Every structure is written in structure tokens, then in C-alpha cells.
There are 2 protein chains.
Amino acid sequence: MKNNCSLCDYKSAAAQKLTQEELKHLAPNCVTVKFKKGDTIIRQGTYSTNVAYLKKGLVKIHIDGPYHVQVVRIVKPRNYLGLPTTFGDKINQYSVTAIDESEVCFIDISTFRQMLQLNPDFTNQIMLELCKSELESYQKCVNRTQKQIRGKLADVLLDFSDNIFKSDTFTINVTQEDLGNLVDASRESVSRVMAEFSKDGIIEVKGKHVKILDKDSLKLISKKG
Amino acid sequence: MKNNCSLCDYKSAAAQKLTQEELKHLAPNCVTVKFKKGDTIIRQGTYSTNVAYLKKGLVKIHIDGPYHVQVVRIVKPRNYLGLPTTFGDKINQYSVTAIDESEVCFIDISTFRQMLQLNPDFTNQIMLELCKSELESYQKCVNRTQKQIRGKLADVLLDFSDNIFKSDTFTINVTQEDLGNLVDASRESVSRVMAEFSKDGIIEVKGKHVKILDKDSLKLISKKG
DNA sequence: AAATAAATGTGATTTACATCACAAGAAAAG
DNA sequence: CTTTTCTTGTGATGTAAATCACATTTATTT
């Protein structure tokens with residue numbers, strides 16, 4: 001697909017720091033690829049050759065653990081997907097899979113490096129994002145290991161509502177097994193807790209469609225476990 | 001303390017990319033501070049105003065979790081301590097405490113930013129380290145949540161032996177409570193597992209002094225749980 | 001539309017740890 | 001050197017959540 005990065009409506013915060021000149025140079029060195037639900041965008045263990053950037057859709061980042069997969073996080077558009085794995089290691093340390101139909105822009109790594117060399121504002125923004133996501137991953141890990149399932153599921157529901165879908169009603173295109181892998185619980189436990197939340201009138205579930213009825217209760221459960 | 005960064009024997013991989021000129025500029029903008037065992041180097045919740053770099057000693061990075069502290073990791077010299085917390089947020093998102101007597105170099109953040117602007121090799125190295133540590137934190141989180149205590153303790157002992165002390169005998173200046181917070185277990189469980197490892201002839205413990213007798217067993221336990 | 005596969009719901013059972021409770025050692029403070 | 005505080009060891013008890021085992025519902029394929 002022929003690109004014109006200058007006109008791209010989905011520029012990252014970092015790319016917005018680039019000059020017209022630099023964007024013109026970027027255009028021939030990146031490709032946009034569409035993925036269907038369930039498609040693998042990045043596969044753990046393969047060589048990482050490009051920086052991936054999510055323009056549209058929704059994806060999950062996941063790692064093969066010693067016993068089962070762990071879903072590290074759900075990522076929404078306007079975020080880079082493979083920065084640490086592209087820069088930090090030649091081999092991808094995690095997989096990325098489309099949850100909804102998605103559009104990903106793959107940027108040639110040496111071109112990306114050139115941008116870093118040329119434009120300090122760009123670099124600064126990228127570093128900021130790297131740092132933020134590292135801090136976030138520390139915090140997430142603490143919650144994962146210390147909170148119990150009810151609290152973690154409440155967190156996830158709040159995250160979906162507040163950050164990802166920005167709405168009290170949303171459709172989660174992931175199985176309960178995925179949710180389990182996201183909060184380090186078995187799918188049975190997820191099922192039970194979701195049923196409990198429903199029964200208590202905190203959420204309303206119709207298939208994959210979720211409506212949050214009582215956000216305050218969720219916040220309380222998130223805090224108190 | 002008056003600095004001469006050019007002559008510094010503890011330069012980071014990144015700082016080694018700096019020119020004499022740049023090092024000269026760096027010198028008046030950083031201070032080296034000594035810390036005794038138990039001293040707080042960075043305190044979660046306070047403003048972060050400097051980049052911290054560990055020259056000598058040993059420190060732990062820890063976060064206050066919802067129920068108890070989590071020791072994120074033990075850091076050995078020639079590593080930055082506060083990059084994500086300094087760049088990613090105005091407020092420190094974690095604490096750093098000296099485990100052994102330590103020397104930390106505090107670098108003024110605007111000077112550090114200048115280096116990033118001036119020297120792309122420096123920047124590249126810093127970014128590499130950021131990415132690596134993010135990947136590492138993903139991996140650690142997976143292990144933390146999926147392995148059981150025996151496996152996690154084996155990991156820690158192997159990490160001490162292979163990476164931190166680079167010796168089969170070492171002195172861990174941390175309590176079993178700390179070890180518990182490092183592997184997400186109670187201090188009682190740590191005590192029990194250590195006793196078990198001792199009984200099985202895998203390690204020899206005399207107070208805080210540990211000798212690894214059977215590394216292969218540890219590796220096996222690390223893998224199989 | 002029928003057949004097959006995938007995802008969920010729910011009870012019964014098991015388990016790895018936490019927590020509690022207290023004893024005994026080791027360090028630090030007086 | 002003695003007292004107090006911190007750290008460790010070890011049993012008994014409790015518990016959140018995994019696992020097992022099916023039943024049932026919802027998708028997908030043919």
C-alpha cells in the first residue's frame with residue numbers, strides 16, 4: 001500500500017514531532033497491513049525486523065509462560081507494539097495478536113533509527129513512552145501478584161471502560177480464557193466471578209457484550225480485593 | 001565531591017560513548033553520594049529530579065503494593081536506577097534502597113537530556129537498556145505469577161550466583177522477608193524452602209552466607225517448579 | 001440444517017501457600 | 001555483659017483458587 005505519512009490521520013505522538021521533510025522520507029519505508037481478528041501480528045521467537053505501530057483496531061500482547069500463556073496487555077491504537085522487542089533483542093520476546101480487525105504500520109528499523117538520530121523531539125517522545133510503559137508494567141505486575149481475582153477482574157473491566165473503549169458498554173472480543181490469562185486466573189474462576197458481578201448487579205453480560213452498571217462498586221472491589 | 005567524569009572508572013556503557021568534551025560538560029553536573037546498608041536512595045512518591053546511576057554496591061528496587069512491598073529486582077553496579085521513573089513521571093514510582101554500602105552518581109536531568117540531544121550513540125545505548133529492562137520485566141512477571149515458590153527461589157539463587165555475585169558462594173545482605181517480597185512469598189515459605197534445599201544438599205547456608213553445591217538441581221527446580 | 005467444535009457454567013475435590021502462634025537464635029542497643 | 005529488638009524455624013490451621021468432570025450454550029464448518 002502506497003503511503004503518505006504526512007497525510008496520515010493516525011500519527012503517533014512521536015511522529016507528530018517529525019518535519020514534513022522527515023515524514024516524506026518515512027513514507028516509502030513503511031507499509032500498512034490489515035489483520036483480521038485472531039491473526040498473528042508479531043510472533044514470539046521469530047526475528048524482529050520492523051517497528052510495528054497500531055493505527056486501528058485492538059490487539060493483545062502475550063508471552064508464553066512456563067505453564068500457560070500470559071496476556072501482558074491489551075493495546076489500543078496509536079501505540080507502538082514492538083519497540084522493546086525490536087530494539088532490545090533481535091528475536092521477538094512476545095507475540096501480538098489482533099483482537100478486532102486491525103491496521104498496523106510496519107516501519108523499517110533503520111529508517112526509524114534515522115529518525116531517532118535526526119530529530120531529538122521524536123527521540124524524546126519515544127523515550128517518554130518507553131519509560132511510561134516500563135513503569136506501567138511494574139505496577140501491573142504488583143497488582144497481578146498481590147490482588148485477588150475479583151479485584152483484578154474489576155481492574156480489567158475499569159480499564160476497558162475508562163481507557164480502551166471509553167464507554168460503559170463495550171464488546172470484548174476475547175474469551176474468558178484470555179481474560180484469565182490477562183489476570184492470571186483460570187477460565188473457570190473468571191466465569192464464576194463474572195457471574196457473581198452479574199448477580200450483584202455490578203455488570204450486565206450478554207455474550208461478549210458488557211455493560212457496567214455500578215462503577216463505584218467495581219472501584220471498591222478493585223481497591224479492597 | 002568534585003567529579004572528573006573522564007577519569008571515572010565506573011562509566012556506564014552509554015557514558016562510554018560520550019566524547020571528552022561532553023564528559024567535561026557532564027562533570028560539574030553530577031554528584032556522587034555514598035549510602036550505607038539500609039539507606040534510602042530513591043523514595044517512592046517523592047519528586048524525581050535526577051538520574052541515578054549505581055557505581056558501587058548493591059541495591060534493591062521496590063514498590064509498595066496493595067498489601068505488601070514487592071521487591072522488583074536487585075541491581076548491581078553500572079546500571080541506571082531511575083531512568084523510567086525520572087523520564088516517565090515527575091514522581092518516583094518506586095523506591096531504591098541500599099543492600100550493601102553503595103555509591104550512586106546523581107546526574108542533573110537537564111544535563112542528561114542535553115547528552116541525549118548531542119550524542120546519538122549515547123541515546124541509542126540508553127534506549128537499548130530501556131528496552132532490555134522492559135523485556136526483562138515482562139519475563140520476570142510471567143515467572144512470578146506462574147512458577148511456584150521452589151522454582152522462583154531457585155531462580156533467585158541462580159541469578160545471584162550467575163549474574164550478581166558471579167560466584168557459587170555469596171553473602172545475601174537481605175532478610176528472608178525481602179527474599180519473600182522478591183519472589184512473592186511469605187517469609188515462612190522462604191524459610192521452609194531454604195531449609196529443604198539445605199537438607200537436599202543443594203545449598204549450604206550459614207547465616208547470610210550461601211554456597212551453591214548443586215547448580216544442576218537448582219536449574220532443574222527452576223524449570224520444573 | 002445438521003454436525004462438529006469451541007466456549008461457558010457449575011459443583012466437588014485438591015493443593016500450594018498464607019496466616020497464625022510461638023519458640024529459639026542472632027544482632028543491636030543500652 | 002545484658003536487655004531488647006530483629007530475624008529465623010516449625011508446626012497447626014485456614015483459604016483462595018486450581019483442577020477435574022460434566023452439562024449446556026454458542027459458534028463454525030460442512
Side-chain angles (χ1 to χ4, degrees), chain A residues 36-39 60 65-71 97 99-100 143-156 171-200 203-210 221-222 224-225, chain B residues 36-39 60 65-71 97 99-100 143-154 156 171-200 203-210 221 224-225:
Chain A
K36 284 203 299 293
K37 185 193 156 195
D39 286 352
K60 59 176 176 182
Y67 296 104
H68 36 83
V69 167
Q70 179 174 88
V71 175
T97 304
I99 290 176
D100 293 335
N143 284 334
R144 270 190 133 110
T145 52
Q146 291 189 20
K147 282 190 182 176
Q148 46 196 84
I149 299 183
R150 283 163 48 88
K152 290 190 276 187
L153 254 183
D155 278 347
V156 164
T171 305
I172 23 172
N173 249 321
V174 293
T175 64
Q176 292 189 349
E177 172 128 45
D178 274 319
L179 284 179
N181 291 335
L182 182 59
V183 299
D184 300 299
S186 68
R187 62 145 264 272
E188 292 95 326
S189 296
V190 171
S191 173
R192 273 184 259 262
V193 174
M194 292 292 274
E196 195 194 323
F197 284 178
S198 269
K199 188 174 63 69
D200 294 352
I203 57 173
E204 190 182 285
V205 185
K206 276 196 194 114
K208 302 233 180 271
H209 198 73
V210 176
I221 293 169
S222 157
K224 304 276 163 164
Chain B
K36 285 203 300 291
K37 185 193 152 193
D39 285 352
K60 61 176 175 182
Y67 296 103
H68 34 83
V69 167
Q70 179 174 87
V71 175
T97 304
I99 291 174
D100 293 335
N143 284 332
R144 268 189 135 112
T145 52
Q146 291 190 18
K147 281 189 184 178
Q148 47 196 84
I149 300 182
R150 284 163 47 87
K152 291 190 275 187
L153 253 184
V156 164
T171 306
I172 23 171
N173 248 322
V174 293
T175 64
Q176 292 189 347
E177 172 129 43
D178 274 319
L179 284 180
N181 292 335
L182 183 58
V183 299
D184 300 298
S186 67
R187 65 143 262 271
E188 292 95 327
S189 295
V190 171
S191 172
R192 275 184 257 260
V193 174
M194 293 292 273
E196 194 194 323
F197 284 176
S198 270
K199 189 173 64 65
D200 295 351
I203 57 173
E204 191 183 286
V205 185
K206 275 194 194 119
K208 301 231 181 272
H209 198 73
V210 176
I221 293 169
K224 303 275 162 163

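Below, all heavy atoms of this structure are taken into account, side chains as well, without hydrogens, waters or symmetry copies. Labels below follow one simple rule: chain letters A, B, ... track the order of the sequence lines, proteins then strands, and each chain is numbered from 1. Keep in mind that this is a model prediction, so the values were computed, not measured.
- One end of the helix from C:dA1-D:dT30 to C:dG30-D:dC1 points its axis 50° away from the other end's axis, with each axis taken from 5 pairs and the angle rounded to 10°.
- Summarising the geometry of B:Asn173 relative to B:Lys37, their closest heavy-atom pair is OD1-NZ, 3.6 Å, with the distance given to 0.1 Å.
- Close approach of DNA chain D to chain B, defined as any atom under 4.0 Å from a non-hydrogen atom of the protein, starts and stops at D:dT7 to D:dA12.
- Here the CD1 atom belonging to A:Ile172 is positioned 10.0 Å from the CG atom belonging to A:Asp178, to the nearest 0.5 angstrom.
- For the pair A:Met194 CE and C:dA7 P, the computed distance is 16 Å after rounding to whole Å.
- Atom-to-atom distance recorded for B:Arg144:CZ and A:Asp184:CG is 12.0 Å, nearest 0.5 angstrom.
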(request) Starting at the 5' end of nucleotides 23-30 of chain C, put B wherever the base has a protein heavy atom under 4.0 Å, S where only the sugar-phosphate does, and a dash everywhere else. (result) --------
For residues 188-199 of chain B, please give each side-chain donor-acceptor pair under 3.5 Å, one per line with the distance, not counting sequence neighbours.
unit_1   : atom_1 : unit_2   : atom_2 : d
B:Ser189 : OG     : B:Ser186 : OG     : 3.1
B:Glu196 : OE2    : B:Arg150 : NH1    : 2.2

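- Interface residues of residues 176-183 of chain A facing DNA chain D, ordered by number: none; criterion, heavy-atom separation under 4.0 Å.
- Counting all heavy atoms, side chain and backbone alike, A:Ser222 lies closest to A:Ala154 at N-CB, 3.9 Å.
- Every side chain to side chain contact (heavy atoms under 4.5 Å, CB included) that A:Gln146 has, sequence neighbours left out, goes to A:Val142, B:Pro66, B:Tyr67, B:His68, B:Gln70.
- When all heavy atoms of B:Ile149 and B:Ala185 are compared, the pair lying nearest together is CD1-CB, 3.6 Å.
- Without hydrogens or angle criteria, B:Lys152 side chain to B:Asn143 main chain gives no donor-acceptor distance under 3.5 Å.
- Not counting sequence neighbours, the partners of A:Val156 by the side chain to side chain contact (heavy atoms under 4.5 Å, CB included) test are A:Phe160, A:Leu179, A:Leu182, A:Val183.
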(request) Give the B/S/- string for nucleotides 15-21 of chain C, one per nucleotide from 5' to 3', where a protein heavy atom under 4.0 Å of the base yields B, of only the sugar-phosphate yields S, and otherwise -. (result) -SSSBB-
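- Residues meeting the salt bridge (Lys or Arg N to Asp or Glu O under 4.0 Å) test with A:Asp100, sequence neighbours left out: none.
- The two residues B:His209 and B:Thr171 come nearest to each other via the heavy atoms ND1-OG1, 2.9 Å.
- Scanning for salt bridge (Lys or Arg N to Asp or Glu O under 4.0 Å) contacts around B:Lys206 gives B:Glu204, with sequence neighbours left out.
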